[in-house]
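All chains are named by letter (A, B, ...) in the order of the sequence lines, taking the proteins before the strands, and each is independently numbered beginning at 1. Bear in mind the structure is a predicted one, so any value in this text is a computation, not a measurement.
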Protein chains: 2
Amino acid sequence: MSTAADTRKLTPRGRDRRQSLLDFAIRRFAENGYHPTSVADIVDGVGVGKGVFYWYFPSKDDLLREILRDSIYDLRKTQQAAIDGVDGPLAKLEAGVRASMAWSMTHPDILRLVAFAWTEQTFAEALRKGDQILLADTARHIKAAIAEGDIAPGDPELLAIAVNGVTRQLSSPETGTVSGDGTVTIDEAQIQERIELGVRVVLHGIRG
Amino acid sequence: MSTAADTRKLTPRGRDRRQSLLDFAIRRFAENGYHPTSVADIVDGVGVGKGVFYWYFPSKDDLLREILRDSIYDLRKTQQAAIDGVDGPLAKLEAGVRASMAWSMTHPDILRLVAFAWTEQTFAEALRKGDQILLADTARHIKAAIAEGDIAPGDPELLAIAVNGVTRQLSSPETGTVSGDGTVTIDEAQIQERIELGVRVVLHGIRG
DNA sequence: GCAGTTCTTGACCGGACGGTCAAGAACTCA
DNA sequence: TGAGTTCTTGACCGTCCGGTCAAGAACTGC
């Protein structure tokens, strides 16, 4: 009763329903665009009444924000796990690049949503903080590598942005191969190839 | 009468009006988002009646498509002019990187629109072709550099994507410094610094 | 000054959208 | 079984949006 939709206590059944709405929304947003996808589209796709959506989410905007928040958190967690236990700044950097590329290429829908979110202030704010953290992480390793004399001096912040560019673009769903039905995909072999090339370009690129 | 709005013969006054609508729309789309910006917003901003918009443009969609088409053409023209007369694949590559970064950083609004356009099929199609051309250009120079033994072998297509990533990210308005009023900007000194770093990272990156 | 064209106005239209809500179905637990 | 809670329904609401159009103003060339 008047409990906020985002604080609600859910039964297992409720959690399932919520998750299927989330999953369907992510797919639709990614393939159709956020604005062109209406709440009615989502509930119709899942096969429920409109009220169900507002039982589980406060608004359409909040749904997207939640997707972004969760995704950033998941990416960061994955990256941290990959870096943990690796020694040396360059090795950490490489592990981070591998992890973020692998994650990105297995979450193409999310990447599309993030790309959209950057184009509207309301959502971009939700990304800025997480982006800063990931960038600062990379910059820290670069700075350490410079301090240890592993690579030539240079602005670590800007180098981190460049590194980010390489991994982002190589992982971007838009640069995959276009299938007959118009869908753009990157298969498993391509994923490995791209990761290896990404690592190579990044390590040589910052070495200048 | 009943001439299509995009084939219309315009007087100088008409061309001015059209241009101010275009300019205002670009700025609004970039800062506010495409969908959240209504045609009413645009005509109100320019201070004219709604019908004026549809006298000069067939639809809101067409307006964006025209902006994208013109921008891609302008970028490509600029890049070509910069590369022309430069000798050697690596020098051509460098000239291309410099030109595209300089262009991108002086057209931040356009970059935002392009980023948005990639997230919706209808508009993404308008970009795909131009993107392929720019990418193929870069790939050609890389291939030539490999052939001449200037850089180590590697898939030119993927290397071109990586190069693209470096230049795109370093030129991205989102990676600028946030001013007090929330606007993100990159000043002239930063532009030069970023271009130099971009060139350095690209040339070393593909050298691997 | 007149005819023809270019341009401008803003009320208006049909429809879609995000979000609400009263009503009730389906579970849970004592 | 029955009271309480979680979940579901879909008609409904106010608003806004892209786009139209009849009317007329402002130019242009003669």
Side-chain angles (χ1 to χ4, degrees), chain A residues 1-26 28-29 32-67 113 116-117 120 122-123, chain B residues 1-26 28-29 32-67 113 116-117 120 122-123:
Chain A
M1 62 246 328
S2 91
T3 309
D6 53 349
T7 328
R8 210 158 255 150
K9 201 80 218 265
L10 298 180
T11 63
R13 177 164 153 255
R15 253 170 286 145
D16 277 6
R17 195 34 65 86
R18 200 183 130 94
Q19 193 60 46
S20 51
L21 283 166
L22 253 168
D23 290 345
F24 189 83
I26 290 174
R28 281 294 267 176
F29 285 162
N32 229 42
Y34 171 77
H35 287 294
T37 301
S38 66
V39 174
D41 283 341
I42 297 170
V43 294
D44 285 356
V46 176
V48 294
K50 203 174 194 179
V52 171
F53 183 93
Y54 291 95
W55 177 258
Y56 293 106
F57 305 101
S59 72
K60 196 189 166 191
D61 275 28
D62 276 273
L63 167 60
L64 178 53
R65 260 185 275 272
E66 174 175 335
I67 293 170
L113 290 199
F116 163 75
E120 265 174 49
T122 5
F123 302 124
Chain B
M1 64 226 353
S2 92
T3 310
D6 53 349
T7 328
R8 210 159 255 151
K9 200 78 218 267
L10 298 180
T11 64
R13 176 162 154 257
R15 253 171 286 145
D16 278 5
R17 195 34 64 87
R18 200 184 129 92
Q19 195 59 47
S20 52
L21 282 166
L22 254 169
D23 292 344
F24 189 84
I26 290 175
R28 279 296 266 176
F29 285 164
N32 228 43
Y34 171 78
H35 288 293
T37 300
S38 66
V39 174
D41 284 340
I42 297 170
V43 293
D44 285 357
V46 176
V48 294
K50 202 174 194 181
V52 171
F53 183 93
Y54 291 94
W55 177 259
Y56 294 106
F57 305 101
S59 71
K60 194 188 166 192
D61 275 29
D62 277 272
L63 167 60
L64 178 54
R65 260 184 275 271
E66 175 175 335
I67 294 170
L113 290 199
F116 164 75
E120 264 173 50
T122 5
F123 303 123

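Stems are defined here as 3 or more consecutive Watson-Crick or G-U wobble pairs with pairing distances under 3.5 Å; those involving DNA chain C are C:1-30 with D:1-30.
Looking at residues two or more places apart in sequence or on another chain, you find a side chain to side chain donor-acceptor pair (under 3.5 Å) between Ser59(B) and Asp62(B).
Regarding Asn32(B), its CG atom lies at a distance of 15 Å from the C1' atom of dC17(D), rounded to whole Å. If you take OH of Tyr56(A) and C1' of dG19(C), they are 18 Å apart, rounded to a whole angstrom.
From Trp55(B), atom CH2 reaches atom CG of Leu21(B) across 13.5 Å, with rounding to the nearest 0.5 Å. Atoms CZ and OH, from Phe116(B) and Tyr34(A) in turn, are 12.5 Å apart once rounded to the nearest 0.5 Å.
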Could you list, one pair per line, each protein nitrogen or oxygen that sits under 3.5 Å from a nitrogen or oxygen of nucleotides 20-22 of chain D, together with the distance?
none

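Between Gln19(B) and Phe24(B) the shortest side-chain heavy-atom distance does not fall below 4.5 Å. Considering only heavy atoms from C-beta on, Leu113(B) stays 4.5 Å or farther from Phe123(B) through its side chain. Side-chain contact between Glu120(A) and Asn32(B): absent, with no pair of heavy atoms (C-beta onward) separated by less than 4.5 Å.
Smallest separation of non-hydrogen atoms from Pro36(B) and Asp41(B): O-OD2, 3.7 Å.
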Just by protein heavy atoms under 4.0 Å, how would nucleotides 23-30 of chain C read 5' to 3' in B, S and -?
--------
Do any side-chain atoms of residues 44-54 of chain A form donor-acceptor pairs under 3.5 angstrom with protein atoms, and if so which ones, sequence neighbours left out?
none

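Residues of residues 35-46 of chain B that place a heavy atom closer than 4.0 Å to DNA chain D, in numerical order, are Thr37(B), Ser38(B), Val39(B).
Considering only side-chain atoms of Leu10(B), the nucleotide from dC7(C), dT8(D), dG19(C) that sits closest is dC7(C).
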